[in-house]
Amino acid sequence: MEKIESVAVARPTQSFSFKKKYGKVRSAQVQKNIVYTIAGDGTAGFLDGPALNAKFKSPLDVAVLPNGTIYVADAFNSCIRKIHNGMVTTFAGNGTANITNGNGSEARFKIPSRLTLDGTGNLYTLDAADPRIRKITADAGVSTYAGTNIFGFKDGEAIVAQFGQSFGIVVDERGNIYVADSQNDSIRKISFDRQIITIAGGPIKQFQFVTGIAINKQGNLFVSDVCRIRKITPAGVVSTFAGSYQKGYDDGKGAAAKFSQIEDLVIDEQENIYVTDENRIRKITPSGIVSTIAGGTAGYKDGDGASAEFDGPQGLAVDKVGSIYVADFNNKRIRKISFE
């Protein structure tokens, strides 16, 4: 990941680099993938109001509550935005870049980058310019959940543990949090009692550069590793689920598929994985078959999946009916993919 505006990210690839809850089983009669814009007018700014008139400045991730409320990590506005009933509001932060805990507009973020929700509606955030994991309650109370202000690599209690720059976060059904610690090439676990351990990578070189992370019902973790999807079993066994060391673009099964630059991934209730790969949204079935559901050429266009265009899509989320939400970074919009 290279520098984005003023943020340098130590990544051996070319683009910038959470689990959002399972979606309902969708019908096998899927015919079309339809992309449309749900928020943002495409110009950089900081404006609340009707969703399609609102302005974002480089959104990096989205998370969706069961009631359809959407949270947005609005990176360069240094805040968390909220989309509900067709209106955009500022949920936490006020546009001033800093790290401060507090409620709503009293809180500060630097570059919020990834989001995930737990089963009770608490939001957890990563920040590209700060190594701490923050927690935001449903009433917008912001606190530090784990880590310190020092970038590093240290397991132990939450108040002393250290993380590197991280770009993946997911919560399991028991409230354990998993972090893709990109800078340390490791997967870290924050247990429900807020103890941090490293479960893969770290001193044992197993990854190139981990980013997005998702978890299925069996407790298997799936992690994006530049141009591969890696699988980590509950026993800690790491394998390659799809893709290979070779970059490119090919649909296919397992190692025959090629990815260019995976940024984030999310998993639905049927255990299909969706990933952002350059300007495409790709799908990986539970058996490892990779297909492209939307996008291709960099640009901005709504419509059916084959003709739709994205520009630097980043974080993904899935709602209770299986629709996919995309933080379209360079288009400064939030897009939705429905299956009809």
Taking every non-hydrogen atom, the tightest pair across [X] and [Y]:
X: Asn122; Y: Thr137; value: OD1-CA, 3.4 Å
X: Gly312; Y: Asn279; value: N-OD1, 2.8 Å
X: Gly102; Y: Ala107; value: O-CB, 4.0 Å
X: Ala158; Y: Ile196; value: CA-CD1, 3.5 Å

Does Ile289 share a hydrophobic cluster with Phe241, counting links as ILVMFWY side-chain heavy atoms below 4.5 Å and allowing steps through other members? no
Side-chain donor-acceptor contact under 3.5 Å, [X] with [Y]:
X: Ser224; Y: Thr211; result: yes
X: Thr96; Y: Asn98; result: no
X: Ser244; Y: Gln246; result: no
X: Tyr300; Y: Thr37; result: yes
X: Gln218; Y: Asn216; result: yes

Residue among Arg333, Arg81, Lys82 satisfying salt bridge (Lys or Arg N to Asp or Glu O under 4.0 Å) with Asp74: Arg81
Per salt bridge (Lys or Arg N to Asp or Glu O under 4.0 Å), Asp328 is matched among Arg335, Lys301, Lys336 by Arg335
Distance (rounded to the nearest 0.5 Å) between Asp251 CG and Arg280 CZ: 8.5 Å
Gap separating the CG atom of Asn101 from the CZ atom of Arg108, nearest 0.5 angstrom: 11.5 Å
Identify whether the distance between the nearest side-chain nitrogen and carboxylate oxygen of Arg228 and Asp225 falls below 4.0 Å. yes
Taking 4.0 angstrom as the limit, do Asp41 and Lys55 come out as a salt bridge? yes
Just distance, no hydrogens or angles: give the donor-acceptor pairs under 3.5 Å from side chains in residues 199-207, sequence neighbours left out.
from: Lys205; atom 1: NZ; to: Asp185; atom 2: OD2; distance (Å): 2.8
from: Lys205; atom 1: NZ; to: Phe207; atom 2: O; distance (Å): 3.1
from: Gln206; atom 1: OE1; to: Gly201; atom 2: N; distance (Å): 2.6

Parallel, tilted or perpendicular: which one describes the rings of Tyr274 and Phe339, with boundaries at 30° and 60°? tilted
For residues 85-93, which side-chain donor-acceptor pairs fall under 3.5 Å, sequence neighbours excluded?
from: Thr90; atom 1: OG1; to: Asp48; atom 2: OD1; distance (Å): 3.3
from: Thr90; atom 1: OG1; to: Asp48; atom 2: OD2; distance (Å): 3.0

In this structure, which one of Leu265, Val275, Thr276, Ile262 forms a side-chain contact (heavy atoms from CB on, under 4.5 Å) with Arg282? Val275
